[in-house]
Q: 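Here it is, the structure in full.
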Amino acid sequence: MDAGPLNPFSNLRGRSRCPLQEQILRRINSKENLDRFIPNRSAMDYDYAHYMLTEGRKIKENQTLRTRILAFKNKLPTPVELFPSDHTTSVHPAKPLKPRRHIPQSSERTLDAPDLMDDFYLNLLDWGSSNVLAIALGNTVYLWDASYSSTSELVTIDDDNGPVTSVSWAPDGRHIAIGLNNSEVQLWDSASNRQLRTLRGCHRSRLGSMAWNSHILTTGGMDGMIVNNDVRIRSHVVKTYRGHRQEVCGLKWSASGQQLASGGNDNLVHIWDMSKASSNSPTQRIHRLEDHTSAVKALAWCPFQSNLLASGGGGGACLNSVDTGSQVCALLWNKNERELLSSHGFTQNQLILWKYPSMSSSHQSPDGCTVASAAGDETLRFWNVFGVPEVAKPALKVHQEPFSHLNRIR
């Protein structure tokens, strides 16, 4: 953000400060020239000296009295301006106002997305930390490199196993998980265009949602099960969460990696605690939220308040709820401002930017960092969202997490 012109009063203060310093120095130097001395009696005029000690003192006292009558001991208080007209004379200029953001009403780029499945419960789009966007179109996964605007095909699944029902980039931005309609998960290396392994036995039906937590890939299926898979080991299933009665639509790990939020077609939101995942407790969930009136797919942990979760479905969040009038497909927090972006399907098919915590709708299709949206009209659109963040002073780097400087947007 442009900080605006330089302070017009800085030079004025600098010029006024220098003359005062010079005057003080001149006075000090004149004092230093008046030094003490030893009188010489032969050169003294005793009659003049006696006159100055008697009559001269009276004259000096009278002059001093007249001077003090017109002198103020303290300065007059500064008068209050009832109608200030000229702000340029202020010693402390007002803080410059933050410029208003321009909000375009159309996407800056639109790409064709043929065979994009129009299914609310699936997660077919993900933007990785290497600035490569993955999108599933029917049985094929395509990669679009945002840095070079180039497209490549990663894999096409055969009809017996497809279509692709979810995609999710690993934190390194190189490896990607592909969920299939037959309940399997394929892990691919996008750099070498090579399949690494297939995860089987996680679910009994299609796999529509996934979320990474370091080397743990969490999957959610139509069977209502949530499974933690350690992709480093052969027996990859390390934990199973049971709580949803219908399909799991959304999964999101908190930034700390300790809490997992899940949303389902049963209108429920569960929050699970990673620290209790290996305990003998019959359930590991720490919260069960029942405020929604339809399927919950959109989940987003707040970046500036770690214990705050935004969820989107038919209703709202426990902290503050807003009836948007249409399906909430995805939620995304602004990392630089207290704002939340929501994308909507039936019936409005729009993007809305909300101010937090008032949750007042500020704009649609906003301006800033780029967000991609895929819709049932088989288009992939890119929007300028959230505005350019202010340039901050560089801070000392202290054990940052991998890829923490990159903004991953879904």
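Since the model is a prediction, treat every value here as computed from it, not as a measurement.
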Q: Is there side-chain contact between Thr218 and Ile226, with at least one heavy-atom pair below 4.5 Å?
A: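 When only atoms from C-beta onward are counted, Ile226 and Thr218 do touch, with a gap below 4.5 Å.
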Q: Quick one about Glu247 and Asn265 (side-chain donor to acceptor, distance below 3.5 Å, no hydrogens or angles considered), yes or no?
A: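 There is no such pair between these side chains.
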Q: Name the residue from Asn181, Asp159, Thr156 that meets the side chain to side chain donor-acceptor pair (under 3.5 Å) definition with Asn139.
A: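 Looking at Asn181, Asp159, Thr156, the match for Asn139 under the side chain to side chain donor-acceptor pair (under 3.5 Å) is Asp159.
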Q: Can you check whether Leu122's main-chain N or O pairs, donor with acceptor, with Thr165's side chain at less than 3.5 Å?
A: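 Such a contact is absent between Thr165 side chain and Leu122 backbone.
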Q: Sub-3.5 Å donor-acceptor pair from the side chain of Asn229 to the main-chain atoms of Leu217, do we have one?
A: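 Side chain of Asn229 to backbone of Leu217, a donor-acceptor pair under 3.5 Å: yes, one is there.
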Q: I'd like to know if the side chain of Trp301 reaches the main chain of Ala255, judged simply by a donor and an acceptor atom lying under 3.5 Å from each other, with no hydrogens or angles considered.
A: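 No, because the side chain of Trp301 does not come within donor-acceptor range (under 3.5 Å) of the backbone of Ala255.
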Q: Going by ring pair (Phe, Tyr, Trp, His ring centres under 6.0 Å), name the residues that satisfy it together with His270, two or more places apart in sequence or in a different chain.
A: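 Ring pair (Phe, Tyr, Trp, His ring centres under 6.0 Å) check on His270 returns His244, Trp272.
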Q: Ignoring hydrogens and angles, tell me if any N or O in the side chain of Trp169 forms a donor-acceptor pair with the backbone of Ser129 under 3.5 Å.
A: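 Not at all, since once roles are kept as given, no pair shorter than 3.5 Å links the two residues.
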Q: If you compare all heavy atoms of Ala146 against all heavy atoms of Trp127, which two are closest, and at what distance to 0.1 Å?
A: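 In terms of heavy atoms, the two residues are closest at CB-CZ2, 3.7 Å.
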Q: Can you tell me how far the CZ atom of Arg381 sits from the CD atom of Glu108, to the nearest 0.5 Å?
A: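 Here the interatomic distance stands at 12.5 Å.
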Q: Quick one: does Ser209's side chain have a donor or acceptor within less than 3.5 Å of a partner on Val248's backbone?
A: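 Looks like yes, one N/O pair under 3.5 Å.
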Q: Any salt bridge (charged side-chain N to carboxylate O under 4.0 Å, His left out) involving residues 112-125? Give me the pairs, sequence neighbours left out, ordered by first then second residue.
A: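 Applying salt bridge (charged side-chain N to carboxylate O under 4.0 Å, His left out) to every pair that reaches into residues 112-125, excluding sequence neighbours, yields Asp119-Arg206.
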Q: Can you name the nearest heavy-atom pair linking Gly179 to Met210, along with the distance?
A: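 Shortest heavy-atom separation between Gly179 and Met210 comes out as N-CE, 3.6 Å.
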Q: With sequence neighbours excluded, what pairs up with Gln195 under the side-chain hydrogen bond (donor to acceptor under 3.5 Å, both in side chains) test?
A: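 Partners of Gln195 by the side-chain hydrogen bond (donor to acceptor under 3.5 Å, both in side chains) criterion, ordered by chain and then number, come out as Thr198.
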Q: When rounded to the nearest 0.5 angstrom, what is the spacing between OG1 in Thr151 and CG in Leu143?
A: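 One gets 9.0 Å once the value is rounded to the nearest 0.5 Å.
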Q: Keeping to residues at least two apart or across chains, list the salt bridge (charged side-chain N to carboxylate O under 4.0 Å, His left out) pairs with something in residues 224-234.
A: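 Qualifying pairs, neighbours excluded: Asp230-Arg232.
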Q: Quick check: closest heavy atoms across Leu299 and Lys252, and the distance to 0.1 Å?
A: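 Smallest interatomic distance, heavy atoms only, reads O-CE, 3.3 Å.
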Q: What pairs meet the ring pair (Phe, Tyr, Trp, His ring centres under 6.0 Å) rule with one or both residues in residues 143-167, with sequence neighbours excluded?
A: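 Listed by first then second residue: Trp144-Phe382.
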Q: May I ask you to decide if Ala295's main-chain N or O and Asn267's side chain share a donor-acceptor pair within less than 3.5 Å?
A: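 Indeed, once roles are kept as given, a pair shorter than 3.5 Å links the two residues.
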Q: Rounded at 0.5 Å granularity, tell me how far CG in Leu260 sits from NZ in Lys239.
A: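 So the CG of Leu260 and the NZ of Lys239 are separated by 12.5 Å.
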Q: Provide the closest heavy-atom pair for Asp266 versus Gly243 in the form atom of the first, atom of the second, distance.
A: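 Reported closest heavy-atom pair: OD2-O, 4.4 Å.
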Q: About how many Å separate OH of Tyr142 and CG of Leu380, when rounded to the nearest 0.5 Å?
A: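 One gets 13.0 Å once the value is rounded to the nearest 0.5 Å.
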Q: For Phe120, does its backbone N or O pair with a side-chain atom of Lys297 as donor and acceptor, under 3.5 Å?
A: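 Yes: the side chain of Lys297 pairs with the backbone of Phe120.
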Q: Could you note down all residue pairs passing salt bridge (charged side-chain N to carboxylate O under 4.0 Å, His left out) where residues 133-149 supplies at least one of them, sequence neighbours left out?
A: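 Listed by first then second residue: nothing to list.
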Q: How far apart are the closest heavy atoms of Asn213 and Gly257, and which atoms are they?
A: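 That would be ND2-O, 3.0 Å.
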Q: Nearest 0.5 Å, what's the CG-OG1 distance between Leu116 and Thr379?
A: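 With rounding to 0.5 Å, CG (Leu116) is 8.0 Å from OG1 (Thr379).
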Q: I'd like to know if the side chain of Ser254 reaches the main chain of Gln259, judged simply by a donor and an acceptor atom lying under 3.5 Å from each other, with no hydrogens or angles considered.
A: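 Yes; at least one donor-acceptor contact below 3.5 Å.
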Q: Closest approach of Arg174 and Ala191, non-hydrogen atoms and distance?
A: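 Arg174 and Ala191 have their closest heavy atoms at NE-CB, 3.5 Å.
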Q: Output yes when a side-chain donor or acceptor of Ser168 lies under 3.5 Å from a complementary backbone atom of Ala177, and no otherwise.
A: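 Flag not set: sc Ser168 to bb Ala177 has no pair under 3.5 Å.
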Q: Mind checking the CG-CE spacing from Leu207 to Met225? Nearest 0.5 Å is all I need.
A: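 These two atoms lie 12.0 Å from each other.
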